[in-house]
Amino acid sequence: MQSVIYAVPLFNNYLRPTLNYYEAQDQAFIKAITYNQPELILSSYENGIQTLATTLAANKSQDTGLPIDLREYYASM
């Protein structure tokens, strides 16, 4: 898999190539899962789950207007 590189206008009609980092992350994740190569991911799966849980807790807090105790939230998952 190759990452897509886009050309971004700079100035005076020159183009600067730029990498789509979100796409590169997605491709690395898919490759790591497909070929069982977790070293391709810069973060552990556990850290990824904790990040997701924190994001979901923040969303819940925003929806309810109440603070969320992350320890309790993690334990309920």
Side-chain angles (χ1 to χ4, degrees):
M1 286 186 221
Q2 288 187 339
S3 296
V4 175
I5 298 179
Y6 298 94
V8 176
L10 195 53
F11 60 91
N12 295 334
N13 296 324
Y14 290 102
L15 296 178
R16 178 178 57 90
T18 187
L19 177 64
N20 182 334
Y21 291 102
Y22 294 114
E23 184 176 357
Q25 288 175 353
D26 289 347
Q27 289 177 358
F29 179 77
I30 291 167
K31 186 175 180 181
I33 298 297
T34 301
Y35 299 106
N36 193 27
Q37 294 179 320
E39 66 276 4
L40 296 177
I41 300 173
L42 300 178
S43 180
S44 69
Y45 294 128
E46 180 180 350
N47 183 269
I49 298 241
Q50 289 174 344
T51 300
L52 174 60
T54 302
T55 302
L56 294 174
N59 290 343
K60 183 176 180 179
S61 178
Q62 182 180 14
D63 290 344
T64 64
L66 300 171
I68 303 291
D69 183 323
L70 290 177
R71 287 173 293 205
E72 291 177 14
Y73 192 78
Y74 292 151
S76 71
M77 296 184 81

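If you read the sequence from its start, that first residue is 1, and numbering goes on from there.
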### Message
Using 0.5 Å steps for rounding, measure from the OG1 atom of Thr51 to the CD atom of Glu46.
### Response
10.5 Å

### Message
Working to the nearest 0.5 angstrom, can you tell me the gap between Gln25 CD and Glu23 CD?
### Response
11.0 Å

### Query
Any chance CZ of Phe29 has more than 12 other-residue heavy atoms, nucleotides or ligands included, within less than 6.0 Å?
no

## Note on the structure
Note: Leu70 and Ala57 closest approach over all heavy atoms is CD2-CB, 3.6 Å

### Query
Hey, does Leu56 have a side-chain heavy atom less than 4.5 Å from the side chain of Tyr73?
yes

### Task
Provide the closest heavy-atom pair for Ser44 versus Asn47 in the form atom of the first, atom of the second, distance.
OG-N, 3.0 Å

### Smallest separation among heavy atoms of Ser43 and Gly48, with atom names
OG-N, 4.1 Å

#### Entry: Shared hydrophobic cluster, Leu52 / Ile68 (ILVMFWY, side-chain heavy atoms < 4.5 Å)
yes

### Query
So which heavy atom on Pro67 is nearest to which on Ser61, and how close?
CA-OG, 4.1 Å

